[in-house]
Every structure is written in structure tokens, then in C-alpha cells.
There are 2 protein chains.
Amino acid sequence: MGNSVATGFAQAELIAVLAAVTANEPRVMTVQAGKALPSGPFESSHRSLQAGLRDWVESQTGHPVGFLEQLYTFADGDRDPGAGTGMRRISISYLGLVREQAAPGAGQPEWHGWYEYFPWEDRRDGADDRAGGLDRIAASLTAWADSQPHLRAERHQRVDFTFGLNGMDWNEDLVLQRYELMYEAALIPEAGGQPGFGQPMQGDHRRILATGIARLRAKIKYRPVAFEIMPGSFTLLQLQRTVEALVGLSLHKSNFRRQIDQQELIEETGETTAETRGRPAMLFRYRPSVLEARQMAGTRLPISRS
Amino acid sequence: MGNSVATGFAQAELIAVLAAVTANEPRVMTVQAGKALPSGPFESSHRSLQAGLRDWVESQTGHPVGFLEQLYTFADGDRDPGAGTGMRRISISYLGLVREQAAPGAGQPEWHGWYEYFPWEDRRDGADDRAGGLDRIAASLTAWADSQPHLRAERHQRVDFTFGLNGMDWNEDLVLQRYELMYEAALIPEAGGQPGFGQPMQGDHRRILATGIARLRAKIKYRPVAFEIMPGSFTLLQLQRTVEALVGLSLHKSNFRRQIDQQELIEETGETTAETRGRPAMLFRYRPSVLEARQMAGTRLPISRS
DNA sequence: TTGACATAAACTCACTTTGAGCATAATCCT
DNA sequence: AGGATTATGCTCAAAGTGAGTTTATGTCAA
């Protein structure tokens with residue numbers, strides 16, 4: 001760096017993590033029979049990264065992208081062994097939210113449930129525990145921790161914290177950390193490890209997906225992103241189920257409702273819906289007016305107001 | 001994207017926002033007499049983006065970088081008109097925290113107080129209000145809002161929210177939004193606007209700096225990053241002054257202390273310091289042991305624990 | 001028609017976390 | 001010794017959260 005005006009050429013590629021929720025299941029857009037995330041070269045014709053990706057996604061899905069945010073930029077060598085051609089590849093990844101999945105048609109991209117790739121990340125009450133395989137993961141990680149006596153204590157602590165074992169709480173945001181830990185412990189085929197824990201993907205696409213899930217789970221707590229994925233009007237339970245799908249946890253019903261309406265993010269449409277059984281629910285819509293004001297929630301700093 | 005295996009070549013560049021705090025003033029490393037952030041081409045010799053930047057920074061500052069995180073990746077065309085050469089430039093920016101500033105020596109990079117670039121971002125009690133010029137900014141923005149009758153209400157709302165005017169609270173995290181708004185209103189020389197509001201920088205470096213400040217201010221609330229900037233042992237007041245410098249606000253003393261010690265991030269060294277006047281303060285050190293466990297704070301989701 | 005079921009929506013209550021300020025302790029300076 | 005000055009401890013009300021309970025309003029099946 002500094003004053004050198006040397007090389008620095010690279011091949012630039014965009015990679016998209018596009019998420020939608022259908023039937024209370026979060027899905028991600030894929031190509032190659034679910035083995036890869038959609039990607040392609042960054043063309044000079046694009047006005048900007050964001051705009052180029054937005055255009056492309058909308059033409060592919062037929063739906064507007066409500067939310068689009070840069071995730072991370074990787075250079076191969078970060079992990080992917082890559083080629084030794086001297087020319088580096090730079091991958092710029094994005095997270096986007098789509099309202100509905102496109103009707104399946106010829107040449108349309110496929111959508112896969114994201115818990116197919118990370119079964120252990122689904123900890124909702126209904127979720128099949130054997131599918132998640134937390135027990136098997138815990139056993140493998142324990143063996144890994146014990147295999148190096150001088151690192152044992154440190155590794156055990158890390159495993160317990162990351163996976164919420166031995167009295168620690170499960171933290172739904174640690175998606176990437178869990179994946180990286182399993183990668184280190186060679187439980188991930190992409191790292192040359194044993195298969196059996198979720199569907200693998202090409203290259204480091206599964207890691208990018210983990211990054212996207214983690215970002216979305218963190219964001220949903222302080223910014224109203226869930227609405228970008230909901231239809232125009234919805235019941236409170238539908239909203240709750242969507243959030244639960246994304247964070248992979250079951251939520252407390254009345255507290256969830258209280259939280260939503262004290263944020264004043266939604267308003268009644270006046271209609272009700274005759275879902276299945278039970279008392280019909282009121283329908284709500286998102287209030288975009290307050291969007292900006294509530295966009296950023298709040299600090300946790302003890303500010304002195306004098 | 002999709003199946004095309006076309007061009008996508010670009011020139012890759014790294015840009016660093018390196019922050020330190022000296023004498024209760026946050027500083028950023030610059031080149032070219034404070035008119036630019038340090039940057040340079042991304043060399044193929046670097047193992048990875050992160051590693052390459054870390055090596056470089058440590059050789060330049062003479063101090064290890066405690067914290068280094070990717071900020072954002074820009075392609076020119078996002079704003080910078082750039083050249084029409086067909087070859088795009090991609091800038092990958094990083095935020096790093098350094099413990100002390102390097103002793104000024106020949107060829108050493110300079111450090112500048114970051115409020116020279118954003119005087120209005122310093123709202124600590126001592127801060128000179130005329131330097132910030134919030135009144136002048138508010139006046140200019142009001143004129144800008146009024147200049148388009150059909151956008152007036154919307155613009156006023158946005159101005160009030162972003163700058164904490166007319167009854168709204170100041171939100172210290174909105175550094176980038178404030179800069180972008182002033183940019184739109186042509187108060188920023190980089191956009192061809194009037195000078196007079198903070199020192200300008202080359203290209204969009206001031207915007208990158210704003211992104212870095214915003215990220216750091218947001219992060220400091222839920223992750224113990226302030227310690228990466230502190231010396232090995234410190235008093236609680238020193239810690240508070242450092243945080244105040246970064247967030248640009250004065251904090252409530254006893255509540256700040258309570259918050260710190262209930263997080264159990266620090267421990268007494270047993271020593272005390274004879275600062276200037278007053279009762280000597282106990283010295284503390286950071287407890288790296290709990291680092292991982294406290295690394296990620298907490299959710300705000302109403303989880304059902306059944 | 002009626003009652004069993006299912007879901008919605010409102011309300012309660014104990015407990016924890018915050019914002020704000022006051023009280024006391026230990027130094028230095030004059 | 002007495003005042004100034006900073007550190008540290010304590011209190012208290014208000015707001016926010018976790019966990020339930022109660023009441024309302026519909027469908028479905030006997």
C-alpha cells in the first residue's frame with residue numbers, strides 16, 4: 001500500500017443470498033440443483049454493485065427485492081484454495097429479501113429450505129431433533145476437543161458457548177461461528193471432513209449462506225426487516241411464524257404481540273381472516289410512515305441528559 | 001450472472017479506517033496531509049484480505065491491530081464518477097482499532113482528530129457548539145427542505161429525525177445518514193457543494209470514514225471493542241472518557257460504572273493511580289477470559305422457554 | 001342446536017433493567 | 001485544618017420483560 005501504484009487486478013464476482021419464507025419455512029435461491037448460490041461476474045455495465053444486483057435479481061425472480069444489503073467480500077485464499085494463476089478472484093456477497101418465491105417455471109431458479117444446509121439451526125418446538133442431530137454434533141465436537149490434551153479446556157469452553165451446551169444458552173445469532181467450529185473439527189465435507197451434517201455446497205457457498213442467515217437473525221432484532229418478506233396484509237400469528245422461521249426459535253405469543261405493537265410498526269386493515277379454525281384474526285399492514293423513525297432502535301448507553 | 005462466464009475484471013484496492021484515541025480525542029490515520037485515508041492496491045501476494053491489511057498496518061503504525069473488521073466494498077459508479085475506461089475499480093474498506101498512535105517520525109503517517117472532518121458529530125458537554133455548527137447546518141437543511149414544496153414535509157421529517165431536531169432525540173449512530181443528507185443538500189464540497197462544514201477529503205474518503213465511525217459507535221454498545229483501544233490498565237474514568245470520545249456524547253458516571261461491572265469484563269489490578277487531584281482511582285484491566293462468552297450480548301426476542 | 005375445540009386478544013404480576021441523583025470516602029492544595 | 005476534587009457506593013422510581021391467565025369469537029362434528 002502506501003505509494004505503490006502496482007498491480008492489484010482481480011476478477012470480481014457477485015454472489016447473492018436471496019431469502020424468502022414460504023409455508024413457515026425459510027428458503028434460499030439456488031442454482032445447480034441446490035449445490036450453489038446464484039452468482040456471476042460483475043459487469044462494467046452495472047451502474048453500481050447494488051443497482052446491478054437488484055436489476056438482476058428482479059428479472060430472475062419476478063418480484064421486487066425489498067431489502068438488499070452487502071454481506072461480505074472474500075478474496076480466495078481466505079479459504080478457497082483457488083487457482084495459482086496470479087489473478088485473484090474477489091467475491092462480493094449480498095443478502096436480499098424477497099416477498100414470495102417465483103412460480104416454478106422453465107429455467108426458473110430453484111429454492112431450497114435453508115435448514116437443509118444447517119439442520120441444527122432449526123430449534124423451533126416442532127423441529128425434528130434427530131434431523132438437527134445436535135447430539136451427534138456434540139459428540140463429535142467433544143471427541144475433537146479431547147483429541148488435543150493441551151487445548152482441551154479451551155475447546156470445550158468454545159464448544160459449549162457456541163452450541164449452548166452444559167448450561168449455556170443457545171444463541172441463535174452464532175450461525176457462522178457454529179459452522180466455522182464444525183469446519184475446524186472436520187465435520188464439514190467442504191473441508192474434507194465427514195459428510196452427514198447438512199447438505200454441502202460448492203466452494204464456500206455454505207459459509208456465505210451461514211453469514212447471510214447470521215446477519216438476518218441479528219438484524220431482525222433491531223430493524224423491521226421481517227416485513228420485507230411478508231405479504232401486504234397478514235395476521236399477527238403469521239408474522240410471528242415468519243420471524244420464528246428465520247430465527248429458528250419458538251417465541252412467546254403474547255410478549256411477541258406486545259413487542260410488535262408498542263413499536264407501532266403496524267396498523268389494522270379493518271378486515272379479518274377466516275384462517276382455519278378458531279376465532280378469526282385481525283389483519284394488519286405495515287406502516288411505512290414510521291419506518292424511518294423506527295429504523296434504528298436504540299442505544300444501550302447510559303447517556304447523561306443534563 | 002447465471003451461466004455467463006464473461007469479463008468481470010476490476011482493479012482492487014484496500015482502504016483503511018484506523019482509529020485510536022489519544023488525550024480523549026478520537027483520531028484517524030491519514031495520508032496526504034489529512035486529505036486521504038491510507039489505501040493501496042490489493043496484492044496477489046497477500047494470503048487474504050484481512051491478513052494482508054493487518055501486516056501492512058502493523059508495519060506502518062508499529063503497534064498491533066487489536067480489532068480489524070471489513071466495512072464495505074464500493075465500486076466506483078456508486079458515487080465517484082470514475083473513469084470510463086471499462087475497467088472498474090473496487091474499493092474494499094476496513095475498520096481497525098489501534099492502541100496508541102505511533103510516535104511521529106519521518107515518513108510516518110499522520111493522525112487527525114476525526115471531528116475535524118465531522119465537527120457536528122461531537123456532542124460531548126465540553127464540545128464547542130459553534131465548531132459543530134449544528135445551527136448553521138439546521139438552517140441550511142431547512143432551506144433545502146423548503147426549496148421543493150412537494151417534498152417539504154418528507155424532507156423536514158427526515159432532517160428532524162436524522163439530526164435530532166424539533167423534539168426528536170439525537171441518535172449518535174446515524175453518522176453516515178447525516179453525511180449523506182448533507183451531501184444531498186449540497187453542503188459538502190465533495191459533492192460540489194459549499195465548503196464550511198468540516199474538512200473535506202479526497203474522493204469519497206470522508207464517506208468511508210463516516211461509515212467507519214458509524215460502525216464503531218454501533219458496535220461499542222454490544223461488544224467490548226473499547227478495550228482494544230485502551231492501554232493495559234486504566235481507571236474507570238479513563239474508560240468512560242474513551243467511550244465518550246468515540247460516541248461523541250457525555251455519559252452518566254455511575255450508570256456507566258454499573259453497566260461495566262455487571263458485564264464482568266474487567267477486574268481490579270490491585271493498584272491505584274494518583275492522577276491529578278481527588279481520591280486516587282483503582283486501576284482495572286480487561287479480562288480476556290470472559291471475552292468469548294460476553295462477545296455477543298443478547299437478543300431482544302421474546303423467546304418461549306418451555 | 002349444542003358443546004368441544006381452537007385461536008385471538010386483553011390483562012395481570014413478579015422481576016429485572018434503566019435513568020437520575022444523593023451520600024460517603026480518600027486524596028491534594030493552601 | 002479545611003476546602004476542593006475525584007472515586008465509589010447506594011437508593012428509588014419508572015420502564016421494560018418473562019410467563020401466565022382470562023375472556024372473546026369463531027369452526028366443526030355429533
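Any value given below was found using the heavy atoms of this structure, including those in side chains, with hydrogens, waters and symmetry copies removed. A, B, ... follow the sequence lines: proteins, then strands. Residue 1 opens every chain.
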How many Å lie between CZ on A:F284 and C1' on C:dA8, as a whole number? 10 Å
Can a side chain N or O of A:Q262 be found less than 4.0 Å away from OP1 or OP2 on D:dT17? yes
Provide, to the nearest angstrom, the distance between the CG atom belonging to B:L251 and the C1' atom belonging to C:dA20. 14 Å
Rounded to the nearest angstrom, tell me the gap between atom CG in A:D261 and atom C1' in C:dA8. 13 Å
Would you say the side chain of B:R258 and the base of D:dG9 hold a donor-acceptor pair, judged only by whether the two atoms sit under 3.5 Å apart? no
Rounded to whole Å, CG of B:L237 lies from C1' of D:dT8 at a distance of 12 Å
Taking the nucleotide of DNA chain C with the closest heavy atom to each, which residue, B:N255 or A:L283, is nearer the 5' end? A:L283
Determine, for B:K219 against B:E228, whether the closest basic-nitrogen to carboxylate-oxygen distance falls under 4.0 angstrom. no
For A:S254, answer base if it contacts any base atom (sugar-phosphate contacts may also be present), sugar-phosphate if it contacts only those atoms, and nothing otherwise; contact means non-hydrogen atoms under 4.0 Å. base
Here the distance between atom C1' of C:dT7 and atom CE of A:M282, to the nearest Å, is 13 Å
A:Q240 (side chain) donor-acceptor with A:L251 (main chain) under 3.5 angstrom: yes
Reference residue A:D173; test salt bridge (charged side-chain N to carboxylate O under 4.0 Å, His left out); the match among A:R217, A:R178, A:K221: A:K221
Measuring only between side-chain heavy atoms, which start at C-beta, is A:V175 closer than 4.5 Å to A:L209? no
Whole-Å distance separating the CZ atom of A:F256 from the C1' atom of C:dA9: 14 Å
Do the side chain of B:R277 and the base of D:dA4 come within less than 3.5 angstrom through a donor-acceptor pair of N or O atoms? no
Separation between OH (B:Y94) and CG (B:L18), nearest 0.5 Å, reads 12.5 Å
note: B:E271, atom CD; D:dA7, atom C1'; distance rounded to Å ~ 17 Å
Can you check the A:R279 CZ to D:dT25 C1' distance for me, whole Å? 5 Å
May I ask you to verify if any side-chain N or O of A:R257 is less than 4.0 angstrom from the OP1 or OP2 atom of C:dA10? no
